[in-house]
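Notes for the one structure printed next.
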Amino acid sequence: MTELVVTDLTFGYGDDPVLSGVSFTLDRPELVCVIGPNGVGKTTLVKCLNKLLKPNAGSVTLDGEDVLGMRLMDLARKMAYVPNRMDQVFRTTVAETVLMGRFPFAQWANSDRDLDVADRAMGALHIQAISDRDVSELSSGQLQKVLIARGLAQEPRVLILDEPTSNLDVRHQMEVMGFLRDYARGNGIIVLMVCHDLNLTAAYADRVIMVSDGGIYADGSAWDVMTESNIREVYGVDSKVIDAGGRPHVILFAGGGE
Ligand code: ADP
């Protein structure tokens with residue numbers, strides 16, 4: 001089983017630290033959700049894991065190897081990063097975009113296996129019907145699925161996603177969350193995602209990492225982490241956490257009195 005170890009990670013864009021002393025280990029095939037209020041450093045954290053940002057101090061190791069010392073191509077064979085959106089200027093079709101996920105493995109041309117893996121990734125996200133469409137013409141929800149499929153096409157040991165369901169409607173959010181959880185378990189890989197939705201996290205995450213004030217406030221099962229007191233402390237809102245079919249469900253109370 002692949003192991004991702006984050007030790008005492010510290011990062012700041014300038015003099016102000018965004019993250020400090022962040023440590024955790026991922027070593028199980030499960031869906032891990034990173035939650036926390038806006039601006040606490042969730043995106044910054046996941047970018048530090050895959051070398052998009054260089055931590056000021058601390059380390060990130062993948063199977064014992066320091067991620068910062070790895071060649072990007074070697075890293076991309078093990079770890080895929082799915083951004084929240086794609087800022088792309090050139091035109092490509094959905095199929096071509098997903099096939100880009102095979103780039104770390106490609107020889108001078110795509111093999112039959114590359115085409116097959118990309119095809120299966122599109123199948124998993126139910127986007128074969130739009131495979132010939134230009135990505136610039138897609139809705140933001142369709143584009144999010146294309147980016148996830150591109151990440152899957154990398155066949156990573158660690159799949160990192162930044163708010164992959166933020167542009168999807170509720171049915172597709174549930175479909176994608178369920179898919180990512182099952183994919184992690186079924187393929188024996190680590191799936192780590194930033195999620196802005198407390199109840200999607202509560203319903204699907206095997207493990208929840210709650211970030212606050214540049215550090216980890218709580219880390220554990222959804223029941224352990226998504227408590228009324230943690231939500232009050234970290235988000236500053238009152239809530240009631242109920243049991244919904246064996247999973248926690250958060251009911252938020254509107255502030256401002258009666
Ligand atoms: P989150 O994902 O939790 O919303 P971010 O990681 O995006 O938070 O941002 C954490 C903090 O770092 C915020 O205060 C944000 O304004 C700041 N920040 C993010 N990106 C940059 C950047 N490129 N340059 C300077 N500050 C940044």
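The residues of the chain are indexed from 1 along the displayed sequence. No experiment lies behind these values; they were computed from the predicted model shown. Counting convention: from 1, in listed order, for ligands and their atoms alike.
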Atom 13 (C) of ligand 1: closest protein heavy atom, distance to 0.1 Å, is G39 O, 3.7 Å
Could you tell me if T97 and T92 have a donor-acceptor pair between their side chains, going purely by distance under 3.5 Å? yes
_Working note: R120 + D116, criterion salt bridge (Lys or Arg N to Asp or Glu O under 4.0 Å); need CA distance, chi angles, decisive distance, verdict._
CA-CA 6 Å; R120 277 188 282 125; D116 183 48; 3.4 Å; yes
Is any side-chain N of the basic residue among E155 and R102 closer than 4.0 Å to the acidic one's carboxylate O?
yes
Ligand 1 to K42, heavy atom cutoff 4.0 Å, flagged ligand atoms 1 (P), 2 (O), 3 (O), 4 (O), 6 (O), 8 (O)
For atom 12 (O) of ligand 1, the closest protein heavy atom turns out to be Y13 CE1, 3.3 Å
Under 4.0 Å from one or more heavy atoms of P37, ligand 1 contributes atoms 3 (O)
Smallest heavy-atom separation, L147 atom then R85 atom, equals CD1-C, 3.9 Å
Q) Using 4.0 Å as the upper bound for N to carboxylate O, is an ion pair formed by R185 and D206? A) yes
Atom 2 (O) of ligand 1: closest protein heavy atom, distance to 0.1 Å, is T43 N, 2.9 Å
Electrostatic pair E175-K145, nearest N-O below 4.0 angstrom
yes
>> Does the protein come close to atom 16 (O) of ligand 1 - that is, does one of its heavy atoms sit below 4.0 Å from that atom?
In response: no
Any atom of ligand 1 sitting under 4.0 Å from a heavy atom of G14? no
Ligand 1 atoms nearer than 4.0 angstrom to some heavy atom of T44 are 5 (P), 6 (O), 9 (O), 10 (C)
In terms of its nearest heavy atom to atom 8 (O) of ligand 1, the top option of G41, G36, C48, G12 is G41
With heavy atoms and a 4.0 Å threshold, my read on which part of N38 contacts ligand 1 is backbone
Next item on the list: Scan side-chain atoms only and decide if Q144 and S166 contain a donor-acceptor pair under the 3.5 Å cut-off.
Entry: yes
